[in-house]
Number of protein chains: 2
Amino acid sequence: MKMTTGYEPILQNVAKHIALSEGETTFFCSLLQERQYHKKEYLLREGGICNQLAFLTSGCVKSYLLDQKSNEHILTIAIADWWVADYQSLVFDTPSELFIEAVEPTTALLLTKPDREILFTRIPRFEQYFRILTERAFAVSQQRITDILSLPAAARYEQFLRRYQRIAASFSQQQIASFIGVTPAFFSRMLKSKRSS
Amino acid sequence: MKMTTGYEPILQNVAKHIALSEGETTFFCSLLQERQYHKKEYLLREGGICNQLAFLTSGCVKSYLLDQKSNEHILTIAIADWWVADYQSLVFDTPSELFIEAVEPTTALLLTKPDREILFTRIPRFEQYFRILTERAFAVSQQRITDILSLPAAARYEQFLRRYQRIAASFSQQQIASFIGVTPAFFSRMLKSKRSS
DNA sequence: CCTGCCACTTGACCTATGTCAAGTGGCATT
DNA sequence: AATGCCACTTGACATAGGTCAAGTGGCAGG
């Protein structure tokens, strides 16, 4: 069927964890809204309440916050086949402190929070799907905390390279510096000293 | 029934999210194993594979890792009514880099990973229960990352006090210093400068 | 009442990383 | 070819927080 074309990636992702009948597939897709974002366009802005999750079918986004001095700190990087949202805001219904912004042209399938609740009611197996994804995301998040607490900047950069190999090239040094938690100037010096070693 | 006495706290916790019949309650409890830990006893040691979750009915535990210089870095603090596990190890079946240790005498109800799978099969609503808990834990974890990235040590301490008010007193300065990511010496100086201000 | 021990404090010094401002060098537009 | 822009680099300096080792002061056990 033509209507499911743009949904292939998400259906494959879902199929890794739970099986859906044809009717369930149709219902699930009916709750999703496809949306394109151009580079630097926002999926979410600070102050808004995050009431949807986005599944990326192409492109790449970052979520970040700005501190008092307007320095950008990247919290997450998400690429095709990943869900992204401000969980803090989504789960506790609080205003978001994050910006979520497309780093390159990006296509996303949006699922609103109320629609997700409907989905859970109609197809309870989606509880399992999201449980599994969230447990993984949580595990990765915990790892990030231990990295920040226990590793120096150079080692955090190694970790970044390992985990984001495929997409490291689409990020400027500034972005990477922000993700690993150092300034661009320091990161530049760090790279230089690595090259000569 | 006498047999469910020690299970009251966890049943109340579960009841906040899903309703269980009497039979389901009995089955759920049959998968749990109660265990006492004395102060400084380990629930999990580095190198082991974490194959269970622990629900605390009393007491307090910390999870931490040791870096190359044997400095302790506290990842999480858990108190009564919280689940604790090394999700990194539990989810990906990798050897744990964490220690989980009782900070005071603690009682836990243990649920092994295979038993949890059985639970999901027999009572699928537990998928929802754990989805909700994990989403909250993930949201809190994300917040911790943004705190570490964007706030100076003194502000991270404020956050700690806000979030762990009730139990802050059971932690030594060393533990708190480790949680917020500074050395005991620096933390001591920080407190002094706060007092005089 | 001593003795140890343990948490905490403090001083002197050190280092990783930040700040700010002035380059440099591509590369896209005209 | 000139222009401008943007990412990156670099120098000089500043600072948050670390290190190590020597106190101090409770308080628990004998």
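First the proteins, then the strands, lettered A, B, ... as listed; each starts at 1.
- Rounding to whole angstrom units, NZ of residue A/K194 and C1' of D/dT9 are separated by 18 Å.
- Here C/dT9 presents its P atom at 12 Å from CE of B/M190, a figure rounded to the nearest Å.
- Contact between the side-chain N/O atoms of A/K69 and the OP1/OP2 oxygens of C/dT19 is found at a separation under 4.0 Å.
- When only modelled atom types and interatomic distance are considered, A/Q52 and A/K113 share no side-chain donor-acceptor pair under 3.5 Å.
- One finds the CG atom of A/L65 at 10.0 Å from the CG atom of A/N71 (value rounded to the nearest 0.5 Å).
- Here the side chains of B/F160 and B/I180 are in contact, with some heavy-atom distance below 4.5 Å.
- One atom, CG of B/D67, and another, C1' of D/dT19, lie 13 Å apart when rounded to the nearest Å.
- Look at NZ on A/K39: it is 11 Å from C1' on D/dC6, rounded to the nearest Å.
- The only member of B/H73, B/R144, B/E72 that meets side chain to side chain contact (heavy atoms under 4.5 Å, CB included) when paired with B/F179 is B/R144.
- When each of C/dA7, C/dT19, D/dT19 is scored by its nearest atom to the side-chain atoms of B/S172, the top-ranked nucleotide is C/dA7.
- Electrostatic pairing of B/E127 and A/R125 does not count as a salt bridge here, judged by no charged N lying under 4.0 Å from a carboxylate O.
- Comparing C/dG18, C/dT17, D/dG18 against the side chain of A/T183 picks out C/dG18 as the nearest.
- Straight-line distance from the CZ atom of B/F187 to the P atom of C/dT10: 14 Å, rounded to whole Å.
- In this structure, the nucleotide among C/dT17, D/dG11, D/dT9 sitting nearest to the side chain of A/V182 is C/dT17.
- At D/dT9, one or more side-chain N or O atoms of A/Q173 fall inside 4.0 Å of OP1 or OP2 (strictly under the cut-off).
- When the nucleotides D/dT10, C/dT10, D/dG17 are ranked by their closest atom to the side chain of B/A185, C/dT10 comes out on top.
- When rounded to the nearest whole Å, the span between CG of B/N71 and P of D/dG17 equals 16 Å.
- You'll find a donor-acceptor pair under 3.5 Å spanning the side chain of B/R189 and the base of C/dG11, going by distance alone.
- Nearest to the side-chain atoms of A/P152 among the listed nucleotides C/dC8, C/dT17, D/dT19 stands C/dT17.
- Distances shorter than 4.0 Å separate none of the side-chain N or O atoms of B/K192 from OP1 or OP2 on C/dT9.
- Comparing D/dC8, D/dG17, C/dC8 against the side chain of B/F186 picks out D/dG17 as the nearest.
- At whole-Å resolution of the value, CD1 in B/I176 and C1' in C/dT9 are 16 Å apart.
- Here the P atom of nucleotide D/dG18 and the CG atom of A/L151 are 15 Å apart, to the nearest Å.
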